[in-house]
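Before any comments, here is the structure.
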Amino acid sequence: MDRVVNFSAGPSAMPLEVLMRAQSELVDTNHAGMSVMEMSHRSKAFEDILENTKHLLKKVMNIPENYKILFLQGGASLQFSMIPLNLLQKDHEAGYIITGSWSQKALKEAKKVGQTTVIATSEGDQFGQIPDFSNITHSNNLSYVHITGNNTIEGTRFTKLPKTDAPIINDWSSGILSEEINVSDYGVIYAGAQKNLGPAGVTVVIIRDDLIGHASDTLPTMLNYETHTKADSLYHTPPTFGIYMIGLMLEWIESLGGVKEVEKRNREKASLLYEAIDQSSLFYSPVKKEDRSLMNVPFKSGNEETDRAFLHYAASKQLVELKGHRSVGGMRASLYNAMPIEHVERLCEAMREFERTIKNEKSMA
Ligand SMILES: *Cc1c(COP(=O)(O)O)cnc(C)c1O
């Protein structure tokens, strides 16, 4: 088997153990005599899978009783619309903290629904940091405050939350399960699965139950959270295979010692790479130190040709998917839960070797 080291931002690498387990169960899942992909979503066999995934997520994230867990389709992008459609009340505003392209897209959708206000933005700093949001005003007129907890493209993350009475909504697509959080600090947490949870096609929504049931009667049934909470994610055919895969991922996380242990590993992985970047005289990080993401690490040489040469060099060492997002350029290494520290060490080593080669070439010239 020839697997590469995959630094993709999403869909991204999954643990080999999880893939092998899915492979071994593919044609006969849980002794049902059929694949999970062939099961009726109304069958007992599938209900057990759904319950198991939900139970594990609740346990692993320590989700309180008054929160509902939903498995929906449409990606995090559909949540950009569902959040304001369900939560933005008449004569109220939706507050947004703008920290990159994903929060800009979330705001764009909310504007189609009602009144919005930008509480803070780091656009002026090319999103290289999380902006100061200490002065939230007229918080009693806000239906919610939306943040992007981890900025997949720009490589920043929130380490503290705004002080507000309004529920905080967190697009945590690229951060979920990467570190311990207090779920009750949030009104809603949502995440597309394809970054840190499982395959593309399923979106997890964790929602406090008092926020459900306030949508307008004219809201289409499928867009109403109440539809999906009442039916326990079985109003229509849910993404069954994805739900099953998230269950396997959660079992894997439990086997490692839970999110606490995973966070410890993630911190080690990230500091290894940031140290390599900060010690390099060739590469630099465009992100302010305190706000650096544990999951997505952009870095640059400042010269496009050198960046291209490094990507080429890295690929020759089986280190792939390191090209930065087109809006940022340079490189980006995504270090989701599935990536072992050995793979990050290989990247750091490749960076040092590449730098030595460049220096030698320069001194020879
Ligand atoms: C990937 C991503 C999205 C978009 O997710 P889709 O599932 O493709 O809609 C939204 N927000 C963040 C933070 C992301 O990383």
Side-chain angles (χ1 to χ4, degrees), residues 3-10 12-17 128-130 149-159 174-181 195-196 249 252-253 255-302 306-307 309-325 328-359:
R3 280 175 59 83
V4 293
V5 177
N6 178 6
F7 291 95
S8 170
S12 44
M14 292 182 65
L16 185 58
E17 297 98 302
Q129 58 179 312
I130 300 293
N150 184 75
N151 292 277
T152 326
I153 294 172
E154 296 79 7
T156 58
R157 97 185 206 280
F158 281 71
T159 51
S174 49
I176 192 164
L177 296 179
S178 68
E179 59 179 314
E180 289 190 300
I181 56 155
K195 312 284 167 54
N196 211 15
M249 283 290 278
W252 175 77
I253 286 174
S255 76
L256 298 179
V259 178
K260 197 187 182 80
E261 174 61 27
V262 165
E263 173 175 347
K264 190 171 143 254
R265 294 179 185 204
N266 286 337
R267 287 182 183 278
E268 282 166 8
K269 279 150 53 184
S271 37
L272 196 66
L273 182 51
Y274 284 120
E275 249 167 56
I277 294 167
D278 291 340
Q279 283 168 6
S280 162
S281 53
L282 185 63
F283 301 113
Y284 68 94
S285 158
V287 179
K288 190 175 165 194
K289 269 196 176 135
E290 305 86 90
D291 296 335
R292 287 175 174 177
S293 167
L294 300 177
M295 293 288 100
N296 311 97
V297 183
F299 58 99
K300 298 175 169 193
S301 71
T306 308
D307 287 348
F310 175 70
L311 289 169
H312 190 76
Y313 178 78
S316 76
K317 307 257 171 203
Q318 312 296 310
L319 308 169
V320 306
E321 297 287 348
L322 280 165
K323 199 173 183 320
H325 190 271
V328 178
M331 277 69 67
R332 169 178 52 175
S334 295
L335 317 176
Y336 297 117
N337 291 350
M339 177 150 300
I341 194 157
E342 294 76 23
H343 288 182
V344 183
E345 276 163 2
R346 275 172 66 181
L347 172 60
C348 297
E349 192 46 42
M351 289 163 68
R352 285 189 287 265
E353 279 166 18
F354 180 78
E355 191 172 332
R356 274 196 295 273
T357 317
I358 293 247
K359 276 194 187 139

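This chain uses plain numbering: 1 for the first residue, then up along the sequence.
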>> Using side chain to side chain donor-acceptor pair (under 3.5 Å), reason through Lys195 and Ser334 one step at a time and then give a plain yes or no.
In response: CA-CA 9 Å; Lys195 312 284 167 54; Ser334 295; over 6 Å; no
>> I'd like to know whether Leu273 forms a side-chain contact (heavy atoms from CB on, under 4.5 Å) with Met351, so could you lay out the CA-CA distance, the side-chain angles of the two residues, the decisive distance to 0.1 Å, and finally the verdict.
In response: CA-CA 10 Å; Leu273 182 51; Met351 289 163 68; 3.8 Å; yes
> Could you walk me through whether Glu290 and Thr159 pass the side-chain contact (heavy atoms from CB on, under 4.5 Å) check?
Replying inline: CA-CA 8 Å; Glu290 305 86 90; Thr159 51; 6.0 Å; no
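In this structure, CD in Glu261 is found 4.5 Å from NZ in Lys264, a value given to the nearest 0.5 Å. Interatomic distance, CG of Asn6 versus CD of Gln318, reported as 12.0 Å (0.5 Å rounding). Taken to the nearest 0.5 Å, the CG atom of Leu335 stands 7.0 Å off from the CZ atom of Phe7. Annotation: the span from Glu154 atom CD to Arg332 atom CZ amounts to 8.5 Å, rounded to 0.5 Å. Rounded to the nearest 0.5 Å, atoms NZ (Lys300) and CG (Asp307) are 8.0 Å apart. In this structure, CG in Asn337 is found 10.5 Å from CD in Glu179, a value given to the nearest 0.5 Å.
Ala338 approaches Ala13 most closely through the heavy-atom pair CB-O, 3.4 Å. What you find for Ala350 and Tyr313 is that their closest heavy atoms are O-CE2, 3.4 Å. Of all the heavy atoms in Met295 and Asn196, the pair that sits closest is SD-ND2, 4.1 Å. A pairwise comparison of heavy atoms in Ser280 and Glu355 identifies OG-OE1, 2.8 Å as the closest pair. Closest approach of Met331 and Ser301 over heavy atoms only: CE-N, 4.5 Å. Considering all non-hydrogen atoms of both residues, Ser174 and Thr152 come closest at OG-OG1, 2.8 Å.
Taking the charged nitrogens against the carboxylate oxygens, Arg356 and Glu349 do have a contact shorter than 4.0 Å, which makes a salt bridge. Remark: Glu342 does not engage Arg346 in a salt bridge, criterion side-chain N to carboxylate O under 4.0 Å. Comment: Glu353 engages Lys317 in a salt bridge, judged by a side-chain N to carboxylate O separation of less than 4.0 angstrom.
Checking side-chain atoms of Ser271 against main-chain N and O of Arg267 turns up a donor-acceptor pair under 3.5 Å. With Ser12 contributing its side chain and Ala9 its backbone, the two residues share no donor-acceptor pair below 3.5 Å. With hydrogens and angles ignored, the 3.5 Å screen pairs a side-chain donor or acceptor of Arg292 with a backbone N or O of Val287.
Contact annotation: the side chain of Val5 never approaches that of Val320 to less than 4.5 Å [non-hydrogen atoms, C-beta and beyond]. You'll find the side chain of Leu322 reaches within 4.5 Å of the side chain of Leu347, heavy atoms only. Proximity of Asp291 to Asn151: side-chain heavy atoms (C-beta onward) are nowhere separated by under 4.5 Å. Side-chain contact check for Glu17 versus Ser255: every heavy-atom pair is 4.5 Å or farther apart. Contact of the Leu294 side chain with the Lys269 side chain is not registered, since no non-hydrogen atoms from C-beta on lie closer than 4.5 Å. You'll find the side chain of Val262 stays beyond 4.5 Å of the side chain of Leu177, heavy atoms only.
When only modelled atom types and interatomic distance are considered, Glu263 and Ser178 share no side-chain donor-acceptor pair under 3.5 Å. A donor-acceptor contact closer than 3.5 angstrom is absent between the side chains of Lys288 and Thr156. For the residue pair Asn150 and Asn296, a side-chain donor N or O sits within less than 3.5 Å of a side-chain acceptor on the partner.
Aromatic ring pairs are classed by plane angle as parallel below 30°, tilted from 30° to 60° and perpendicular above 60°; the pair Phe283 and Phe354 is parallel.
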